[in-house]
2 protein chains.
Amino acid sequence: MSDLLARLRVRGWRMTAQRRVVAEVLDGDHVHLTADEVHARAVKRLPEISRATVYNALGELVSLGEVLEVSTDRRAKRYDPNAHRPHQHLVCARCGAIRDVHPVGDPLAALPQAERFGFTVSEAEVTYRGVCPGCVTA
Amino acid sequence: MSDLLARLRVRGWRMTAQRRVVAEVLDGDHVHLTADEVHARAVKRLPEISRATVYNALGELVSLGEVLEVSTDRRAKRYDPNAHRPHQHLVCARCGAIRDVHPVGDPLAALPQAERFGFTVSEAEVTYRGVCPGCVTA
DNA sequence: GCTTGACTTGGATCGAGTCCAATGTAGGGT
DNA sequence: ACCCTACATTGGACTCGATCCAAGTCAAGC
């Protein structure tokens with residue numbers, strides 16, 4: 001879909017085989033992969049790629065703002081390639097499945113000035129928790 | 001303030017020296033301590049208490065609903081003794097300070113049925129991020 | 001094509017948390 | 001008061017995700 005590779009090249013991101021593969025993995029499915037899952041998929045295309053490189057590449061994509069980090073629990077961080085549109089996450093408490101969701105209104109607006117305690121508040125991150133259809137019936 | 005110890009006893013929580021100390025630490029200051037910080041304070045009163053025991057006690061207080069777990073980043077979980085009133089958290093991106101805040105309205109209500117994808121949604125956890133007054137001037 | 005500064009590697013290391021078998025003890029029963 | 005036993009504690013080993021590092025490799029500008 002989105003031409004992540006092209007955008008990265010334009011922004012002067014030094015392109016290597018490893019980085020290309022990582023970017024391609026993320027640009028493919030719009031699921032929320034862990035670093036290890038990204039590594040597993042990357043290995044299929046480039047067997048020698050190391051975990052450290054995957055971590056490096058992911059970290060850079062995050063600081064470039066092309067990918068979002070999501071940590072909904074104490075397990076592995078997940079990487080969300082859908083960085084272009086603001087959204088929140090809905091997580092299944094049983095199986096850990098994650099969906100992007102779009103609540104109405106700006107969650108930041110719900111925090112009155114009096115509740116900001118002098119902070120410069122820049123972001124509101126909402127995690128909805130529940131049980132997904134699959135886990136309810138199972 | 002809240003008589004955590006009394007409530008625990010009433011609920012049949014088997015009381016040991018270690019558990020008492022952990023409960024007292026949490027009931028004292030209303031700050032958001034990590035497990036290690038709880039342990040450090042507990043050791044002052046009961047030098048032999050082990051980390052594992054602190055983890056056990058904290059875990060039980062959480063499942064009893066007397067304490068909330070807060071993980072705002074990839075670092076250590078923090079424990080929030082203010083479980084009796086619903087609230088959200090405001091976190092300083094620089095120093096990690098946490099404040100309890102009370103946004104207006106129910107964040108759960110902001111998620112339309114169409115955005116729930118068949119999940120049974122039970123909870124909305126909001127983390128506001130920003131920079132605290134101390135870190136802005138520093 | 002050379003050069004060089006940036007990238008990659010894998011193995012060591014780290015930090016938070018969990019697990020476990022051995023030991024200790026709270027609290028109900030008598 | 002004392003005993004029993006089910007439950008709690010201990011600390012050291014272990015897990016898991018992530019980060020660090022020094023040595024080797026390579027993309028891209030000249």
Side-chain angles (χ1 to χ4, degrees), chain A residues 5-6 8-26 32-43 45-64 66-80 91 96 98, chain B residues 5-6 8-25 32-43 45-64 66-80 96 98:
Chain A
L5 267 293
L8 291 169
R9 221 183 297 265
V10 164
R11 298 178 67 176
W13 203 47
R14 184 167 173 176
M15 194 53 68
T16 67
Q18 293 84 345
R19 288 175 168 201
R20 186 188 345 275
V21 167
V22 170
E24 282 169 359
V25 166
L26 286 172
H32 300 81
L33 300 171
T34 64
D36 249 30
E37 287 163 352
V38 172
H39 179 248
R41 298 192 182 198
V43 161
R45 295 163 146 276
L46 189 64
E48 339 67 88
I49 192 171
S50 83
R51 243 170 275 271
T53 298
V54 171
Y55 276 108
N56 288 342
L58 288 173
E60 279 172 53
L61 290 172
V62 168
S63 31
L64 286 169
E66 293 288 354
V67 166
L68 293 176
E69 258 177 18
V70 189
S71 11
T72 55
D73 52 19
R74 183 120 313 261
R75 294 179 229 184
K77 274 186 253 185
R78 295 180 172 274
Y79 292 89
D80 184 347
V91 181
I98 303 180
Chain B
L5 268 292
L8 291 169
R9 220 181 300 263
V10 165
R11 299 179 67 177
W13 202 47
R14 184 167 172 175
M15 194 54 68
T16 66
Q18 293 84 345
R19 288 176 168 200
R20 187 188 343 276
V21 167
V22 170
E24 282 169 359
V25 165
H32 300 81
L33 300 171
T34 63
D36 249 30
E37 287 163 352
V38 172
H39 179 248
R41 298 192 181 200
V43 161
R45 294 163 148 277
L46 190 65
E48 336 72 83
I49 192 171
S50 82
R51 243 170 276 273
T53 299
V54 172
Y55 276 109
N56 288 344
L58 288 172
E60 278 171 54
L61 292 173
V62 169
S63 30
L64 287 169
E66 293 289 353
V67 166
L68 293 175
E69 258 178 16
V70 189
S71 13
T72 56
D73 52 18
R74 185 118 310 260
R75 295 178 227 185
K77 274 186 250 183
R78 293 178 172 277
Y79 292 87
D80 184 346
I98 302 181

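A note on names: the letters A, B, ... follow the listed sequences, proteins ahead of strands, and every chain is numbered from 1.
Here the options are Glu60(A), Glu24(A), Glu66(A), the test is salt bridge (charged side-chain N to carboxylate O under 4.0 Å, His left out), and the partner is Arg19(A); only Glu60(A) passes. Between Glu37(A) and the options Arg78(A), Arg51(A), Arg75(A), a salt bridge (charged side-chain N to carboxylate O under 4.0 Å, His left out) holds for only Arg78(A).
Look at CZ on Arg19(B): it is 10 Å from C1' on dT9(D), rounded to the nearest Å. When the C1' atom of dT9(D) is taken as reference, atom CD of Glu60(B) falls 12 Å away, rounded to whole Å. Remark: P of dC16(D) and CD of Glu37(A) are 15 Å apart, rounded to the nearest angstrom. Protein atom CG of Asp73(B) is 14 Å distant from nucleotide atom C1' of dA18(D), rounded to whole Å. For the pair Leu58(B) CG and dA8(D) P, the computed distance is 15 Å after rounding to whole Å.
The distance from the OH atom of Tyr79(A) to the NE2 atom of His32(A) is 13.0 Å, given to the nearest 0.5 Å. One finds the CG atom of Leu58(A) at 9.5 Å from the CG atom of Leu33(A) (value rounded to the nearest 0.5 Å). Between the CG atom in Leu26(A) and the CG atom in Leu61(A) there is a gap of 6.5 Å [rounded to 0.5 Å].
Taking each heavy atom of Leu5(A) and Ala23(A) in turn, the nearest pair found is CD2-CB, 3.7 Å. Here the closest heavy-atom approach between residue Ala42(A) and residue Val25(A) is recorded as N-CG2, 4.0 Å.
Of the two residues contacting DNA chain D, namely Ala57(B) and Arg74(B), the nearest-nucleotide position lying further toward the 5' end is that of Ala57(B).
With hydrogens and angles ignored, the 3.5 Å screen pairs a side-chain donor or acceptor of His39(B) with a backbone N or O of Ile49(B).
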Base-contact (B) and sugar-phosphate-only (S) positions in nucleotides 19-30 of chain D, heavy-atom cut-off under 4.0 Å, - elsewhere | BB-----BBS--
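Put simply, chain B comes within 4.0 Å of DNA chain C, heavy atom to any atom, from dA16(C) to dG27(C), going 5' to 3'.
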